[in-house]
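The structure appears below as structure tokens.
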2 protein chains.
Amino acid sequence: MSKNVKKIDIFNKLRSSGLRPTKQRVEIAKYLFEREKTFHFTVESLDKLLEKKTTSKFALATIYNTVHAFKDAGHLSEVEVRGKKTYFDTNVSDHHHFYDSENSELIDIDANEILIQKIPKAPNGKKIKNVEVFINLKN
Amino acid sequence: MSKNVKKIDIFNKLRSSGLRPTKQRVEIAKYLFEREKTFHFTVESLDKLLEKKTTSKFALATIYNTVHAFKDAGHLSEVEVRGKKTYFDTNVSDHHHFYDSENSELIDIDANEILIQKIPKAPNGKKIKNVEVFINLKN
DNA sequence: TCCTTCTTTATAATAATTCTAAAGTAAATA
DNA sequence: TATTTACTTTAGAATTATTATAAAGAAGGA
């Protein structure tokens, strides 16, 4: 796959999502999507990486805008889970949660109401501390 | 169970956790733990509730301190999951994650590597949007 | 090219949380 | 019990992640 083909791919990816292929979006898209393995990042880490790996400059707000535009277009998924606030729970036993984002409510699920049958091994040198299941709700 | 017994319980709960039973801690502990059902809250919501339900005044920092002290003592669990930052993932397919808090790293787990056998029904009027599994790692 | 619309940018604003330093209180000691 | 020490609370400043704002810049069509 030549560089040219890739460039056209990126352009199409943006165009078909209703996003103008601006210099910034193209560069960020190339950085994010032209790779073999999937890639996890935060806005902060992406900002630092772009600074190192490209010659262009990006305002932090542009990175936020772009990443969210890509997310809205379905090109990225967001692993956000609980928003900004930390929840506390007087139930200290092992259990899981429903999360209702409509009204930001957590509801306990007893550990024995969920049975997990198959689980992957922890990566090398690591152990499993615990398993948390979140069932996200909608109306 | 008389009020007196409860008060002693709270004192013991604090003492045995190495926490001095100060006025603030005792009041917050009574508010959190003297109830039948488990209770979910954020610092913000707890602050508002304490303001309404008690006559004492609490600095916000005290509520943060106290809640974390209770958490460290094992009397509360924290449903925090990913800290403050939002992660993005170039993998947009349905999948789960390992989370390694040692180095704040997310690792993808393919959807078919986890099988959930039993799952509770969504609460009345709600539907299940999706199920996220986090396997938290330790060394 | 000109115009309209969308984007980027720098900066300010917001929200959640933590830090700091001083004042206050509980426990330990004399 | 009086004194000392160590831990807590407090108000406010600082920090961090994120979003909003308003002006300047770039893209696409007539």
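In what follows, chains carry the letters A, B, and so on, assigned in the order in which the sequence lines appear, proteins first and then strands, with residues in each chain numbered from 1. On a predicted model such as this, the values are computed, not experimentally measured, just so you know.
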| When the distance from CG of B/Leu19 to C1' of D/dC7 is rounded to whole Å, what number comes out? | 11 Å
| message | Suppose the criterion is salt bridge (Lys or Arg N to Asp or Glu O under 4.0 Å): which pairs have a residue in residues 48-67 of chain A, not counting sequence neighbours? | response | A/Glu44-A/Lys48
| field | Aromatic plane relationship, B/Phe70 with B/His75 - under 30° parallel, 30 to 60° tilted, over 60° perpendicular | value | perpendicular
| Rounded distance (Å) that lies between atom C1' of D/dT8 and atom CD of B/Gln24 | 8 Å
| What is the distance, rounded to the nearest whole Å, between atom CG of B/Leu46 and atom P of C/dT17? | 12 Å
| message | For B/Ile107 versus A/Pro123, what's the shortest heavy-atom pair and its separation? | response | CD1-CG, 3.9 Å
| query | Between B/Glu27 (CD) and D/dT9 (C1'), how many Å, whole number? | reply | 14 Å
| request: Could you check whether the rings of B/Phe134 and B/His97 sit parallel, tilted or perpendicular, using 30° and 60° as the cut-offs? | output: parallel
| field | Verify same cluster id: B/Leu50, B/Val67 (apolar side-chain graph, 4.5 Å) | value | yes
| said: In this structure, how many angstroms lie between the C1' atom of C/dT8 and the CD1 atom of A/Ile28, rounded? | reply: 11 Å
| To the nearest Å, how far apart are A/Lys48 NZ and D/dA17 C1'? | 12 Å
| Taking the six-membered ring of A/Phe39, is the NZ or CZ of A/Arg35 close enough (under 6.0 Å from the centre) and on axis enough (within 45°)? | yes
| request: Could you encode protein contacts along nucleotides 25-30 of chain D as a string, one character per nucleotide from 5' to 3', using B for base contact, S for sugar-phosphate-only contact and - for no contact, with a heavy-atom cut-off of under 4.0 Å? | output: --BS--
| field | Members of residues 57-73 of chain A that approach DNA chain D, where some heavy atom sits under 4.0 Å away | value | A/Leu60, A/Ala61, A/Tyr64, A/His68
